[in-house]
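Have a look at the structure below, then the notes.
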There are 2 protein chains.
Amino acid sequence: MRKQGLPSLQGEPSGEALSRKPMTARELARMLGVSQSAVSRAFTPGASIAADLRERILKYAAEVDYQPNAIASMLSKSRTNIIGIVVSDMQNPFYPGLIEKLSRSLQRIGLQSLLFNITKGSNLEEQLSALRRYNVDAVIVISATILSGSTLSWATEGRPAILINRVIEDTNLSCVACNNAEGARALADHFYQQGARRVAYVAGLSHTTTNRERQNGFVTRIAELGMTLSAQIEGQEYSYYAGRKAALEIAAKKSTDAIFFANDILAIGGIDALREEVGCRVPDDIFVAGFDDIPMAGWPHYNLTTFRQPVDEIVRVVVEMIEGDTSALLRAATIIRLSGELVARRSTGAEPKAQ
Amino acid sequence: MRKQGLPSLQGEPSGEALSRKPMTARELARMLGVSQSAVSRAFTPGASIAADLRERILKYAAEVDYQPNAIASMLSKSRTNIIGIVVSDMQNPFYPGLIEKLSRSLQRIGLQSLLFNITKGSNLEEQLSALRRYNVDAVIVISATILSGSTLSWATEGRPAILINRVIEDTNLSCVACNNAEGARALADHFYQQGARRVAYVAGLSHTTTNRERQNGFVTRIAELGMTLSAQIEGQEYSYYAGRKAALEIAAKKSTDAIFFANDILAIGGIDALREEVGCRVPDDIFVAGFDDIPMAGWPHYNLTTFRQPVDEIVRVVVEMIEGDTSALLRAATIIRLSGELVARRSTGAEPKAQ
DNA sequence: CGCCATGTTGCATACGGATGCAAATTAGTT
DNA sequence: AACTAATTTGCATCCGTATGCAACATGGCG
């Protein structure tokens, strides 16, 4: 039986374990009999330092658990390795997935994500002023529709900013977005192929670029194909309940073969409402399609035809832009459109491919 | 036709607008003929400075758009106003909502959230080492089940750490969690009241504290009530598809009146599978309940009885702990249990209350 | 009017690491 | 061996703000 002594009070150096100050490069240097610069260089890839010295320092640093203080480093390099991520809506399941992939990709190249969760009502400038005070290296704005272009320009002044899924031209803001018009047209074509002729569009937030592009693309293509636009619901928000409401309005008129909802959450609400409130069968009585391809769209219950946003590619492109010459971004805003992919599922009568 | 001149090179003051260095306190001070300390004090609430001087400085600062450099401030105060938020799963809809509320509450008291998105496979210590280098003021860990207690202790050494929905005793880690056992018992009682006698449990990630507590609470209460535990499925994950699979296993045996799924996502998968794969009616043939009360649980299609986690209260408590005397947290880890609320809906035959 | 309490202000330095520059060491060349 | 080139190293200083301390100003009071 092992003797289990009480933790002796004098054994521990007066509770230092709790919050002792972390070691500094100078201390470490003194212990090794080298200069503080040497320590700094040991931790700086490509710095001018002999391989054996570097090794000795790093080895000792690992032993005593020294890590360079990132804050001090930020100050002297005036580079934070922090990317500001501006979000205003994490309710739409599309965004958490995007944010997750984004922050992981950034982490992989040594960048951390500082979250700015913008709330509608309150003072936006105040919330964003932290973006400037914290000296983030770049800003990624994820579909924050409540921010005006000028507010964003102000908040990101002097550092590269990339909007995801929102396009503002004639500013210093770069944009990476899904080709919404292309997707909407593809869905129109798909409706046509599946035999629908009288189709409806349900808008999300009407004034957003995503909505407008999807709407225009769809409506235009519909006309080209000679199909009838039997209804068009203007939207207030991208939500499940808005989708339900819109679906019921459309169903009441009984003149629609297929509904294109501006995104998947709307469409899913629509499907539920059609099936449950008006006993309408999807796809037998009416087709439904959405946009995004959130995980739920693939669930057997919904089996929603949709246009998949190229999330991985969006993330890749954004990270590359940030990793690359960011000063180029400052000089000239770039707008990049990425192609998505039609995912035909049962909600439009398509036979889902084998998994 | 509008004449569209080339952007004149000499017209712009040599591109300064692009990335000019922000002004410093010293510069501002010199322009006003005061000392740099005065500027610093003007921006420090409660600092020793005359009201009129402060006003003059702030006014001028606003005019020339000066803002104190947060990085420099962090260095000298050794306080970052940054809270590290460790997450490993943003797929479960419960977490984005939590993160959103959390980060907003923190923002409201001047704290920003630095996201640490932990990935399973890779080197966890390396991912977490940034927590230490960045000198975050505190760490909030959101149900990161893939991190061991010792890894967490190491990563957060010297700064307060709060786990949400995960309880580890005998460490320096504080915990704020829903009273899972209470919730599970409440659901058992509810099943009983609704007339179920043969009940099943579907686990989430088996080894997590949330799962174990819900499981124990449920199973124990079942026994007390004299009900039969007709099945118990061990789980690999908290996912929709795992829920479907488990539900089918249970339905195959035809000996169960009610299923308690370890969380809502599982339950929702379960409901879909029961209805679609085996033509089982919910609630007519079988009851289903979940845990969390994610938004989808309230959707008419699912109408899922569940136990609502007190998200707002969790957030409030966590923020209070951080806002308050954090050194107290370092001295003695606190474990707080918060009560949730049974939300009886139609999936257990309860009539949903009017909204 | 003189003295002390209170309130303001500036000076100097600290925070911890990065880096230009010069000194010192090593390698390479003839 | 002598000398130049290349590599290492340390010194000193800078990054921009916060703050202890001393100097100074103001006000109250006897």
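Labels below follow one simple rule: chain letters A, B, ... track the order of the sequence lines, proteins then strands, and each chain is numbered from 1.
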I need the [atom1]-[atom2] distance between [X] and [N], as an integer number of Å.
| X | N | atom1 | atom2 | result |
| --- | --- | --- | --- | --- |
| A/Arg26 | D/dG10 | CZ | P | 14 Å |
| B/Tyr134 | C/dG16 | OH | P | 18 Å |
| A/Lys21 | C/dC15 | NZ | C1' | 9 Å |
| B/Lys77 | D/dA18 | NZ | P | 6 Å |
| A/Phe43 | C/dA18 | CZ | P | 10 Å |
| A/Met23 | C/dG17 | CE | P | 11 Å |
| B/Arg30 | C/dG10 | CZ | C1' | 16 Å |
| B/Gln36 | D/dC14 | CD | P | 15 Å |

Tell me whether the OP1 or OP2 atom of [N] has a side-chain N or O from [X] closer than 4.0 Å.
| X | N | value |
| --- | --- | --- |
| B/Ser73 | D/dA18 | yes |
| B/Tyr66 | D/dT17 | yes |
| A/Ser35 | D/dG10 | yes |
| A/Ser40 | C/dA18 | yes |

Side-chain donor/acceptor of [X] to base of [N], under 3.5 Å:
| X | N | result |
| --- | --- | --- |
| A/Thr44 | C/dT19 | no |
| B/Thr24 | D/dC15 | no |
| B/Ser37 | D/dT19 | yes |
| B/Arg41 | D/dG20 | yes |

> Which is it for A/Ser37 and A/Ser40 under the side-chain hydrogen bond (donor to acceptor under 3.5 Å, both in side chains) test, yes or no, and what are the steps along the way?
Replying inline: CA-CA 5 Å; A/Ser37 331; A/Ser40 172; over 6 Å; no

Heavy atoms only, 4.0 Å cut-off, all strands: where does [X] land among base, sugar-phosphate and nothing?
| X | result |
| --- | --- |
| B/Leu75 | base |
| A/Leu53 | sugar-phosphate |
| A/Val34 | sugar-phosphate |

> In a check of side chain to side chain contact (heavy atoms under 4.5 Å, CB included) between B/Leu163 and each of B/Ile168, B/Val318, B/Val86, which one passes?
Replying inline: B/Ile168

> Distance only, no hydrogens: is a donor on one side chain within 3.5 Å (strictly under) of an acceptor on the other, for A/Thr80 and A/Tyr134?
Replying inline: no

> Backbone N or O of A/Ile118 within a donor-acceptor pair of the A/Ser88 side chain at under 3.5 Å?
Replying inline: no

>> Keeping A/Arg54 on the side-chain end and A/Arg41 on the backbone end, is there a donor-acceptor pair under 3.5 Å?
In response: yes

> Between B/Ser78 and B/Asp52, which has a closest nucleotide on DNA chain C that is more 5'?
Replying inline: B/Asp52

>> Tell me if the centroids of the rings in A/Tyr66 and A/Phe43 come within less than 6.0 Å of each other.
In response: yes

>> As a test of reading the structure: which of C/dG10, C/dT8, C/dG17 is closest to the side chain of B/Ser48, going by heavy atoms?
In response: C/dT8

>> What's the closest nucleotide to the side chain of B/Ile49 if the choices are C/dT9, C/dT19, D/dG16?
In response: C/dT9

